[in-house]
Enquirer: 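I have a structure I would like to understand better, so I am pasting it below and will then ask my questions one at a time.
So you know, we letter chains A, B, ... as the sequences are listed, proteins then strands, and number each from 1.
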Number of protein chains: 2
Amino acid sequence: MPRRRGPTDQGLRTRQTILRRAAELASVEGLEGLSIGALADDLGFSKSGLFAHFGSKEELQLATIDAAREVYVQEVIAPALAAGKGLTRLCALCELFLSYVARQVFPGGCFFASAMAEFDCKPGPIKDKIAEIQAAWMETLRRAGASAVDAGELGPHTDPEQLAFELEAALLAANWYFHLFDDRSYMARAADAIRLRLSADATKRGRATLATRSTDTTAVTT
Amino acid sequence: MPRRRGPTDQGLRTRQTILRRAAELASVEGLEGLSIGALADDLGFSKSGLFAHFGSKEELQLATIDAAREVYVQEVIAPALAAGKGLTRLCALCELFLSYVARQVFPGGCFFASAMAEFDCKPGPIKDKIAEIQAAWMETLRRAGASAVDAGELGPHTDPEQLAFELEAALLAANWYFHLFDDRSYMARAADAIRLRLSADATKRGRATLATRSTDTTAVTT
DNA sequence: CCTACCGATCGGTAGG
DNA sequence: CCTACCGATCGGTAGG
């Protein structure tokens with residue numbers, strides 16, 4: 001089989017190494033604060049050597065967002081989809097998010113929370129990409145909620161979009177306050193808020209589902 | 001009356017002009033992204049002329065936070081304290097926050113939301129100051145909630161600290177998504193979430209208080 | 001992937 | 001409040 005043109009395996013591995021580290025640094029310093037020189041020093045490359053993988057800083061930033069998305073899918077979305085359907089999945093999405101924040105998968109907290117906060121008022125391709133990813137995440141929450149309604153776990157008057165907004169609000173607030181006050185108790189506050197909110201819309205069947213997960217709350221903070 | 005040493009009235013006015021503009025720019029570009037040269041150009045000063053008012057960039061950042069705090073007190077806290085006590089005040093705090101975001105008092109959204117997101121993982125005097133201000137804001141919400149319990153508007157099982165966390169979560173989420181998606185409907189989502197959450201803990205007297213404010217929801221988005 | 005370099009801008013200073 | 005300047009670092013390029 002002839003060797004194709006384009007990036008070699010080694011080149012792709014180097015690229016992945018760069019982008020994983022870039023995502024870690026950007027979660028703390030921001031995607032603008034991420035500097036090519038500092039990233040190269042950190043990785044032991046020359047600045048131009050690193051830069052050769054990307055055409056511009058903006059291309060590096062966009063590629064970093066893709067790499068962070070892969071981490072997020074692996075740490076939160078995929079395990080939640082595998083955990084079950086409906087209300088079980090919705091609970092798993094929330095618990096896995098809180099665990100991902102508590103385990104500091106990214107040292108600066110949720111990469112996308114940081115990126116959203118940094119770019120929400122800066123129009124351009126980076127904001128567009130972040131908005132697309134956040135919209136997909138909200139849609140993942142909404143669909144799990146809608147499926148829980150269909151399964152009779154949440155009552156028929158449930159508004160899945162509103163529910164997704166409120167769950168996401170608690171998750172984001174946990175991310176900020178956990179780091180700002182260096183206080184893990186905000187994880188439990190968010191988990192309590194989420195359990196209360198889900199209980200409010202739950203049917204008898206839904207409450208049974210929730211009961212099986214109630215002990216998982218403390219697991220989130222370890 | 002002899003003229004004292006120190007800053008003149010004119011100097012103080014110039015300083016205030018600088019800091020108001022600095023807060024506006026920092027809400028979009030971040031407190032680190034705020035550059036002394038760009039700020040000076042924007043205001044028509046020389047860089048060093050502007051810099052003479054502050055000993056370092058960090059001093060400028062800290063002074064900018066103080067100036068933003070004054071705006072926040074004027075726009076949100078003072079009118080809410082004047083609006084009433086207990087549940088009335090708690091509702092006013094939330095409604096005034098949403099209005100302050102919707103009116104874009106700062107062009108980049110809530111100054112403190114931006115600053116918290118930027119510095120929550122960067123230890124130092126700026127993070128400390130932001131944390132102190134956020135703690136005071138949460139305490140303002142908590143006290144209004146506790147006073148609503150004392151007044152019999154919220155039930156005795158209400159946890160005012162948890163309630164403050166959940167209200168703040170909805171307010172912050174509205175701030176982010178309003179800007180990220182350029183969609184005012186998130187203001188109404190947050191107002192709905194807040195009304196629902198307060199209703200859950202409200203006594204009959206509390207529900208009467210909430211009923212008088214229910215039409216204010218749309219006012220927030222104008 | 002490297003060395004060597006570009007102009008622009010950064011925070012900050014000297015001296016007035 | 002200004003002009004003039006400092007060394008360091010920025011994103012990016014030339015050429016290999």
Enquirer: How close or far is atom P of C:dC1 from atom CZ of A:R15, stated in whole angstroms?
Expert: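 Going from A:R15 (CZ) to C:dC1 (P), I get 12 Å.
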Enquirer: Under the salt bridge (charged side-chain N to carboxylate O under 4.0 Å, His left out) test, which residues partner A:D66, sequence neighbours left out?
Expert: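 Scan of A:D66 (salt bridge (charged side-chain N to carboxylate O under 4.0 Å, His left out), adjacent residues dropped) gives A:K129.
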Enquirer: Tell me, please, which residues at least two apart from B:E132 pass salt bridge (charged side-chain N to carboxylate O under 4.0 Å, His left out).
Expert: none
Enquirer: Determine which pairs satisfy salt bridge (Lys or Arg N to Asp or Glu O under 4.0 Å) with at least one residue from residues 117-126 of chain A, sequence neighbours left out, and list them in order.
Expert: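 Only A:K122-B:E29 qualify under salt bridge (Lys or Arg N to Asp or Glu O under 4.0 Å).
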Enquirer: Going by side-chain contact (heavy atoms from CB on, under 4.5 Å), name the residues that satisfy it together with B:P107, two or more places apart in sequence or in a different chain.
Expert: B:E24, B:S27, B:V28
Enquirer: Excluding sequence neighbours, so at least two apart, what forms salt bridge (charged side-chain N to carboxylate O under 4.0 Å, His left out) with A:D182?
Expert: none
Enquirer: How would you list, by chain and number, every residue that makes a ring pair (Phe, Tyr, Trp, His ring centres under 6.0 Å) with A:F178, sequence neighbours excluded?
Expert: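 Testing A:F178 for ring pair (Phe, Tyr, Trp, His ring centres under 6.0 Å), a comparison that skips the adjacent residues, returns none.
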Enquirer: Each nucleotide in nucleotides 9-16 of chain C should get exactly one letter: B, S or -. Can you fill that in based on protein heavy atoms under 4.0 Å?
Expert: -SBBB---
Enquirer: What residue among A:F106, A:F111, A:Y100 forms side chain to side chain contact (heavy atoms under 4.5 Å, CB included) with A:Y72?
Expert: A:Y100
Enquirer: Pairs in or reaching into residues 68-89 of chain A: which pass salt bridge (Lys or Arg N to Asp or Glu O under 4.0 Å), with residues at least two apart or in two chains?
Expert: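 Residue pairs passing salt bridge (Lys or Arg N to Asp or Glu O under 4.0 Å), neighbours aside: A:E75-A:R103.
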Enquirer: Within this structure, what is the CG-to-C1' distance between A:L50 and C:dC1, rounded to whole angstrom?
Expert: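 From A:L50 CG to C:dC1 C1': 11 Å.
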Enquirer: So what is the 5' to 3' dot-bracket string for DNA chain C, if pairs are Watson-Crick or G-U wobble with both distances under 3.5 Å, crossing pairs use [ ] and | means the partner sits on another strand?
Expert: ||||||||||||||||
